[in-house]
Amino acid sequence: MNCKEIEKKWQKIWADGKYFEAQNNSPKEKYYILVEFPYPSGSGLHVGHVRSYTALDAMARLKRMQGFNVLFPMGWDAFGAPAEQYAIKNKIHPSQAVQENIVTFKSQIQDLGMSFDWSREFATTDPEYYKWTQWQFLQFVKHDMAYKAEKEINWCPQCKTGLSNEDAAGGVCERCGSKTTKKLKSQWMLKMRSYAESLLDGLKDTDFMDKIKVAQINWIGKSEGAEVEFPIKDTDDVLKVFTTRADTLFGVTFMVMSPEHPYLEKYQDRIQNLESVRQYQEEAKSKTDIERTDATKEKTGVLIKGLTAINPVNNQEVPIWISDYVLASYGTGAIMAVPAHDERDYAFAKKFNIDIIPVITDGTNNLPYVGDGEMINSEFLNGIKTKNEAIAKMLKYLEEKHIGHKTINYRLQDWIFSRQRFWGEPIPMIYCDDCGWVPVPEEELPVLLPNVENYEPTETGESPLANIPEWVNTTCPKCGKPAKRETDTMPNWAGSSWYWLRYMDAHNDKEFVSQDAMKYWGMVDYYNGGMEHATRHLLYARFWHQFLYNQGLVPFKEPFKKRVAHGMILGENGEKMSKSKGNVINPDDMVKAYGADALRVYEMFIGDYEHDASWSENGLKGCKRFLDRIERIADKLIDKNDINSNLEIIFNQTIKKVTDDILTMNYNTAVSALMILLNKLDEQETITKKEYRIILHLLNPIAPHITEELNEQYNLGPRFVESQWPTYDSNKLVSNEKEIGVQVNGKLRASIKVMTDENEESIKAKALQEENVQKHLENKEIVKIIIIPNRIVNIVVK
RNA sequence: GCCUAUGUGGCGGAAUUGGUAGACGCGCUGGACUCAAAAUCCAGUGUUAGCAAUAACGUGUCGGUUCGAGUCCGACCAUAGGCACCA
């Protein structure tokens, strides 16, 4: 069989017949299957894409045959740095490079026979799409969810751009890998932190994989504790601190402010050693996040002379230090230090010879950092035996005296939404000297990216757009005076924060999606993507969606019902595929050599879908062999249209197994079940048309071309794309005769054939008759005989 | 350090949720076809002993529960991923 020819043939039939175009407002039940849309990079499709696309494609094809109206769309996440880099180098507009890459990607995907609904295709870089991304940004502005802040941001000196905490995780630029530094810059921010609780809470409405939920929960980093106010001596101010251990307040022997704490400015006149404090601040600033947050490094700090705090529970004076182990971005940017019961405070106290007062004892001389013990040196807490009780009592005291209160902190930060890049959605805001920041009127959207020749970032770190006066200079929509456009663009995450909604109504030019379409399609039923997006993309998308929900713009709170993540495909040597390691497999080559169907079957058979798997060309050859045997077995075809009675059970079992396995993403065992069925058919002298059609039908979601072709060639029935998925008879899943094991004292000694409904006496007799069983019963006394119907017999002897 | 996974032949991986461990595929060995090779087909393939029947051992390690443990419980080891000076 000429794979290439028949693949092209069927791909054309499917496209011409519009078989995969989902209908809005269909009376059928809907099912929405989504795979993350790719960034169309210059290096083309990866075999990893083939794995996840095939998996969800098989599910989509099966669901359609079960009568669902399936939405299975595809598009392009096409803003991003690589296209911009390419543009800088080659002096062409990034949209041109993107366009070329999309053409390549699309044809590669189509060569694999994916059943995407191409009628809904779009790219995030299409003005018709980013118009609505901008419009939604304006909704954030309108509802006071966006603000501009002069903030110290993560700065990549290489890319000359600000980065979100997410993009600069670990103090390293995600894009280029260089060390990031800090820079003050006025940035658009989205108030994501205010959604922290809602994002946690919303997880209840989803069915994400556990590890994804856990990753999100960790990222949000909820921590319950108390805010306590320490008055600063001889001022009206208080130093606020956050603590989860209010029970240890009597053990406070010093306070620590982060180097960025505002009091260091406010009270600079009172600080007697201002010079050394300033010097310490400078040092902290020049350190990268990695250097600053290295928990193993020795503690550093400077005592602030002239500022003293007062412990509100016992009115004792407490010295204040400045140290970079306290982070400005978490809690209040200052802490109360209890060296007796906190390892970090302990290390600091030891280094600078500060008092250590134990307030919890476990009866030994050790200092318990966590866990319970009896309270000591703590006045009204003394004698309390558990931490929870002591915290509760202290909280009550703090609230009564108005010196503190219960509070919750989140690690999650607001979303830095500005990027100093060209190739992103322009932020639709205009700055007027008189009116301040004014949104671009909605009817003027989209704010288009201009056509220019130079995409170099500016030396000052402004976006390349700042170099284009005719674009920057405009008039204020409010007062009409000359004004300037915002030159920053949106982050790459913006376009992917609502794209699944657009698929529901991709060509709407009146609104971002019609309410009717959203009501019909509802939540995404199955959303597949990489584990690397378990926190960032998935949190941004859920935040964005929840915001739209709160404005009444979408009819449901959570966007995705189920989220699954595929494992990576590693090189043949078990390492991640990369050009430098020379272990990259190009899917095109594999399609050419073995056909699209063989590649699809192989990638489903390669192992557990969620786990990484190493590529093996021999494994692929094995799957090709399997398909060849499927084709060759037609030699045994006879013109009968029933199922041989001795095959009824295995056919029913296989229908059930393949159906269940594809819908629960156990593709490897679905393929193996089909291989078992084929082996069984191969043992037969002849096979009937019906039998042949069923095995082809079951294989069709995974290997769609060859199965359609053979079905047509042997005239077995209508096209699978027009057929109902086979069903099984649940009364015919087990045969009435079964072979079960016979154990003596738990060790297998024989096996016997029994009927499913055979009575225990008869089974017992059969078991005892076995020669090898008898041998092991010699000179032993039978204590009891355990019979588990259709499973096992175990004879217990002494 | 904390959290979450995972650990089964030479390899990728199965195992009806406590019931015949190693399905299926790869690889390997032997055979058939062929002048030969490829392709294909047949047989074998956890380890050790044995011609064999069979026996002992065997799911990271050590212990436990049970008639019976890959599966449950406890402790530990290893690998991968996430978080991490988060107060």
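Only heavy atoms go into these numbers, but all of them, side chains included; no hydrogens, no water, no symmetry mates. Bear in mind the structure is a predicted one, so any value in this text is a computation, not a measurement. Sequence lines set the chain letters: A, B, ... in the order given, protein chains first and strands last, and positions in each chain run from 1.
- For A:Pro319 against A:Thr253, the heavy-atom pair with the smallest separation is CD-O, 3.4 Å.
- Counting to the nearest Å, the P atom of B:G82 and the NE2 atom of A:His533 are 13 Å from each other.
- Remark: A:Lys636 engages A:Asp682 in a salt bridge, criterion side-chain N to carboxylate O under 4.0 Å.
- A:Lys621 contributes no side-chain N or O that forms a donor-acceptor pair with the base of B:C26 under 3.5 Å.
- Within 4.0 Å (heavy atoms only), A:Ile676 reaches sugar-phosphate atoms of the nucleic acid but no base atom.
- Between A:Lys211 and A:Cys623, the residue whose closest nucleotide on RNA chain B is further toward the 5' end is A:Lys211.
- Classified by its glycosidic torsion, B:G81 falls in the anti category, the angle being over 90° from 0.
- Within the 4.0 angstrom heavy-atom criterion, no nucleotide atom of any strand lies near A:Asn409.
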Report, as a single string ordered 5' to 3', how protein heavy atoms within less than 4.0 Å touch nucleotides 39-50 of chain B: B base, S sugar-phosphate only, - not at all. -SS---------

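- Salt-bridge formation is not detected for the pair A:Glu771/A:Arg749: no Lys NZ or Arg NE/NH1/NH2 atom is positioned less than 4.0 Å from an Asp or Glu carboxylate oxygen.
- Nucleotides B:U6 and B:C26 are separated by 28 Å at their P atoms, to the nearest Å.
- The distance between the ring centers of A:Trp321 and A:Tyr280 does not fall below 6.0 angstrom.
- The pair A:Lys766-A:Glu758 meets the salt-bridge criterion, with a side-chain N (NZ, NE, NH1 or NH2) lying under 4.0 Å from an Asp/Glu carboxylate O.
- Inspection of the A:Tyr594 and A:Glu617 side chains reveals an N or O donor paired with an N or O acceptor under 3.5 Å.
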For RNA chain B, the dot-bracket pattern of Watson-Crick and G-U pairs whose distances stay under 3.5 Å, | for other-strand partners: (((((((..(((......[....)))((((((.......))))))((((....))))..(((((..]....))))))))))))....

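- Note: A:Phe651 and A:Tyr728 fail the aromatic proximity criterion, with ring centroids not under 6.0 Å apart.
- The ring of A:Tyr325 has its center closer than 6.0 angstrom to the ring center of A:Phe348.
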Atom pairs under 3.5 Å: protein N/O with N/O of nucleotides 14-20 of chain B:
unit_1 : atom_1 : unit_2   : atom_2 : d
B:A14  : OP1    : A:Asn668 : ND2    : 3.0
B:U20  : O4     : A:Glu739 : O      : 2.2

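- Between A:Ser616 and A:Asn618, the side chains place no donor N or O within less than 3.5 Å of an acceptor N or O (distance only, hydrogens not considered).
- Proximity note for A:Ser223 (side chain, C-beta onward) versus B:G25, B:A56, B:A87: the nearest is B:A87.
- Taking the P atoms as reference points, B:G81 lies 23 Å from B:C76, given to the whole Å.
- Across all strands shown, A:Asp345 has no heavy atoms under 4.0 Å from either base or sugar-phosphate atoms.
- Using atom P as the reference point in both B:U4 and B:C72, the two lie 16 Å apart (nearest Å).
- The listed nucleotides are B:A87, B:C57, B:C67; the one nearest the side chain of A:Val796 is B:C67.
- Between B:C57 and A:Lys747, a contact under 4.0 Å exists linking OP1 or OP2 to a side-chain N or O.
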Dump the intermediate steps for side chain to side chain contact (heavy atoms under 4.5 Å, CB included) on A:Arg542 and A:Leu539, then the final yes or no. CA-CA 5 Å; A:Arg542 292 182 55 228; A:Leu539 277 169; 4.1 Å; yes

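- Atom name P, nucleotides B:U54 and B:G44: the rounded distance is 16 Å, in whole Å.
- The separation of B:G22 from B:C33, taken at their P atoms, amounts to 34 Å, rounded to a whole angstrom.
- If you check B:C83, B:C67, B:G25 against the side chain of A:Asn218, the one that comes closest is B:C83.
- For A:Val214, taking side-chain heavy atoms from C-beta onward, the closest of the listed nucleotides B:G82, B:C3, B:U54 is B:C3.
- Under the 4.0 Å criterion applied to side-chain N and carboxylate O atoms, A:Lys562 and A:Asp207 are assigned as salt-bridge partners.
- Residue A:Gly622 is in sugar-phosphate contact alone, with no base atom involved, counting any heavy-atom pair closer than 4.0 Å across all strands shown.
- Candidate nucleotides B:U6, B:U54, B:C26 were compared by shortest atom distance to the side chain of A:Lys775, and B:U54 ranks first.
- Residue whose closest nucleotide on RNA chain B sits further toward the 5' end, between A:His776 and A:Thr332: A:His776.
- Among all heavy-atom pairs drawn from A:Asp612 and A:Met568, the shortest one is OD1-N, 2.8 Å.
- Checking A:His566 against A:Glu610 by side-chain atom types alone, no donor-acceptor pair falls below 3.5 Å.
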